[in-house]
Student: 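Dropping a structure here in structure tokens format, bear with me for questions.
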Amino acid sequence: MKKFKYVITDPEGIHARPAGMLVKAAKGFTCDIKIAKDGKAMSGKAIFGVMGLAVKKGEEVTLTFDGADEEAACEAIRKFMQENL
Amino acid sequence: MNTYFGKSVFGGIAIGRIRVYKKSEQQVKRVKISDPDAEMMRFQLAKTVAMKQLQELYEKALREVGEANAAIFEVHQMMLDDSDYNDSIENIVRSQEVNVEYAVATTGDNFAQMFAAMDDDYMRERAADVKDISERLLRTLSGRGGESADTREPAIIVADDLAPSETVQLDKDLVLSFVTVHGSLNSHTAILARTMAIPALVGTLLSLEDELDGKLGIVDGGNGVFYVNPDEETLAAMQKLQQEEQEKKELLQTLRGKENVTLDGQKLMLYANIGNIKDLAAVLKNDAGGIGLFRSEFIYLEKDHYPTEEEQFQIYKQVAQVMAGKRVIIRTLDIGADKQCDYFELEHEENPALGYRAIRICLTRPEVFRTQLRALFRASVFGKIAIMYPMITSIREIKRIQEVAVSVKEELTEQGIAFGEPEQGIMIETPAAALISEELAKEVDFFSIGTNDLTQYTLAIDRQNTKLDEFYDPHHPAILRMISMVVENAHKAGIWAGICGELGADTSLTREFLAMGVDELSVSPGSILPIRKLVLETNVEEYKAGK
């Protein structure tokens with residue numbers, strides 16, 4: 001299993017649009033991807049789950065990757081987060 | 001023939017097909033079924049169709065309004081494909097053995113409630129997206145097709161009420177008239193109808209369940225009557241009336257190019273109110289002497305992000321150039337209260353009209369204010385722009401605005417960016433501003449009296465509340481006295497004063513305003529020529545003597 005933590009810098013937080021982009025990126029991998037805030041974990045492949053966390057600027061999320069392509073997924077999503085959120 | 005009655009917003013006759021604009025909330029029945037597999041097949045089919053519709057919408061939006069605005073349809077596709085959402089629907093169908101419509105509606109409600117309960121305004125608004133996709137599925141399941149029937153032919157729009165965001169999206173060329181069940185004489189639909197100079201009724205006693213869609217309708221705006229499936233006699237009478245109105249309109253056109261001057265030589269500036277760059281055609285057609293109120297908030301309401309300096313600059317520049325040296329008064333952002341914008345993330349307020357709005361937002365969010373001012377100062381190079389600040393209550397606010405304006409100019413100078421020196425004035429729309437107008441007049445270049453808010457604040461009457469229409473007296477002596485006082489104080493300080501609220505277009509008061517010495521009236525484009533006619537026929541001294 002791979003994981004990393006990330007603090008959101010986008011002033012709008014994880015809004016609908018970036019949530020959609022994140023889900024789209026996550027769906028490109030077969031491994032199980034979870035995004036968690038304050039101990040509450042949601043599937044990174046389901047937009048309602050991601051938006052349901054209502055992550056705002058300055059909040060920390062933990063992303064975990066579990067499965068065959070976890071290495072690649074972790075790198076790709078980390079890059080996505082840095083570029084977009 | 002069915003006849004309905006409503007309150008008249010704007011006169012004139014409209015004849016055409018009726019288009020019912022429904023926020024399609026539908027009644028879904030819970031029905032027991034015996035074959036859950038067949039039911040799930042129906043769901044998969046409906047989902048495929050809905051996905052295809054959303055893809056088409058996405059592509060259309062991408063071509064027309066760009067990626068940022070199109071993204072919402074991609075998000076809707078993901079919501080529709082969300083595994084929790086789909087699992088919930090399947091679970092309800094299988095465990096309760098009920099129809100998929102019921103499962104979709106229930107799931108939609110549950111997810112919408114989840115968002116509605118969130119501690120975040122933006123996320124709360126997303127409940128509408130969940131409802132939107134659920135309703136799309138329900139529409140497909142009921143075989144009622146995708147989008148609401150947009151006939152692409154001009155129609156009479158019948159609706160419960162229309163929110164500002166909805167009216168923004170309507171293609172103005174396809175609207176012959178508005179008929180709404182709710183909405184007051186001062187609602188946004190009413191103001192829009194006046195700007196477009198089309199017949200409209202609000203508070204109409206009808207039910208949207210009456211199956212009006214597609215039927216022939218006639219709106220008699222002047223008399224507040226709405227006919228559905230008119231008989232031949234009514235149709236002929238109305239067509240004749242429409243013809244006469246048309247002739248009257250053409251007669252008014254002969255007033256184009258004439259100066260607004262009374263028989264005894266008093267001049268008046270007659271300007272137009274606009275809320276969108278698209279209204280410029282009407283401004284020119286009706287021979288406005290300038291623009292007295294450009295509602296800049298529409299630039300913000302049409303977007304899902306803060307409009308950039310460049311985006312704003314291009315719009316202001318265009319207006320200034322089209323008006324070719326005529327005065328263009330642009331009001332800075334007047335958002336809050338009944339005009340909401342998601343990305344501002346304004347907190348819900350119990351009393352928004354008295355709350356965080358207009359200049360109060362600008363002064364506490366300097367980055368938003370500075371962006372707009374930079375765009376305005378830069379655009380001033382291309383024409384006679386004037387900046388107008390809304391919701392002023394004190395000298396202190398003006399001092400703070402002046403500080404920001406000076407610092408913006410310094411910044412532009414440092415960066416070597418060209419800018420002009422626009423006039424800067426304020427709206428007088430609070431009783432406080434009216435009462436201290438003598439002091440305020442020494443600080444600014446002009447006054448424009450916003451009678452809508454001034455009336456609501458002075459009479460303590462919520463203008464969105466239809467129940468209060470009977471108590472709402474726009475001719476209340478308190479208002480007229482305040483206007484007179486403001487004009488007098490402006491003249492004492494050597495500046496001009498105008499009226500840009502709805503009252504400015506009230507022809508029963510035009511002579512009174514001239515007698516008060518009002519220098520400018522800014523009205524919807526369609527009202528300019530009728531007022532010019534009245535001005536040309538008035539002798540102010542005789543009117544004063546005859547009072």
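Throughout, a chain's letter reflects where its sequence line sits, starting with A, and its residues are numbered from 1.
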Student: For the atom pair CD (A:Glu12) and OH (B:Tyr306), what is the distance rounded to the nearest 0.5 Å?
Tutor: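 With rounding to 0.5 Å, CD (A:Glu12) is 7.5 Å from OH (B:Tyr306).
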Student: Sorted by first residue and then second, give each ring pair (Phe, Tyr, Trp, His ring centres under 6.0 Å) pair with at least one member in residues 12-39 of chain A; sequence neighbours left out.
Tutor: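 Pairs touching residues 12-39 of chain A that pass the test: A:His15-B:Tyr122.
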Student: So does B:Glu367 have more than 12 non-hydrogen atoms from other groups sitting under 6.0 Å from CD?
Tutor: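 Yes, the 6.0 Å shell around CD holds more than 12 heavy atoms from other groups.
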Student: Under a 4.5 Å heavy-atom cut-off, does chain A meet the side chain of B:Asp129, its backbone, both or neither?
Tutor: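 Neither part.
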Student: If I compare all heavy atoms of A:Ala54 with all of B:Met118, which pair ends up nearest, and what's the gap?
Tutor: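 Smallest interatomic distance, heavy atoms only, reads CB-SD, 4.0 Å.
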Student: Chain A heavy atoms under 4.5 Å from B:Met114: which part of the residue, side chain, backbone, both or neither?
Tutor: side chain
Student: Under a 4.5 Å heavy-atom cut-off, does chain A meet the side chain of B:Met79, its backbone, both or neither?
Tutor: both
Student: Does atom NZ of A:Lys27 have more than 12 heavy-atom neighbours from other groups under 6.0 Å away?
Tutor: yes
Student: In terms of heavy-atom proximity below 4.5 Å to chain B, should A:Lys24 be classed as side chain, backbone, both, or neither?
Tutor: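 It is both, since atoms from each part get that close.
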Student: If you take all heavy atoms of A:Phe48 and B:Asp82, which pair is closest and at what distance?
Tutor: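 Scanning both residues, the minimum pair turns out to be N-OD2, 3.0 Å.
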Student: Scan B:Val75, B:Leu80, B:Asp84, B:Asp81 and name whichever one has a side chain to side chain contact (heavy atoms under 4.5 Å, CB included) with A:Ile47.
Tutor: B:Val75
Student: At a 4.5 Å cut-off on heavy atoms, which part of B:Gln77 comes close to chain A: side chain, backbone, both, or neither?
Tutor: neither
Student: Check whether more than 12 heavy atoms from other residues, nucleotides or ligands sit under 6.0 Å from atom CD of B:Glu345, and answer yes or no.
Tutor: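 Counting neighbours around CD of B:Glu345, more than 12 heavy atoms of other residues, nucleotides or ligands fall under 6.0 Å, so yes.
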Student: Would you please go through residues 85-92 of chain B and name the residues with a non-hydrogen atom below 4.5 Å from one of chain A, in numerical order?
Tutor: B:Tyr85
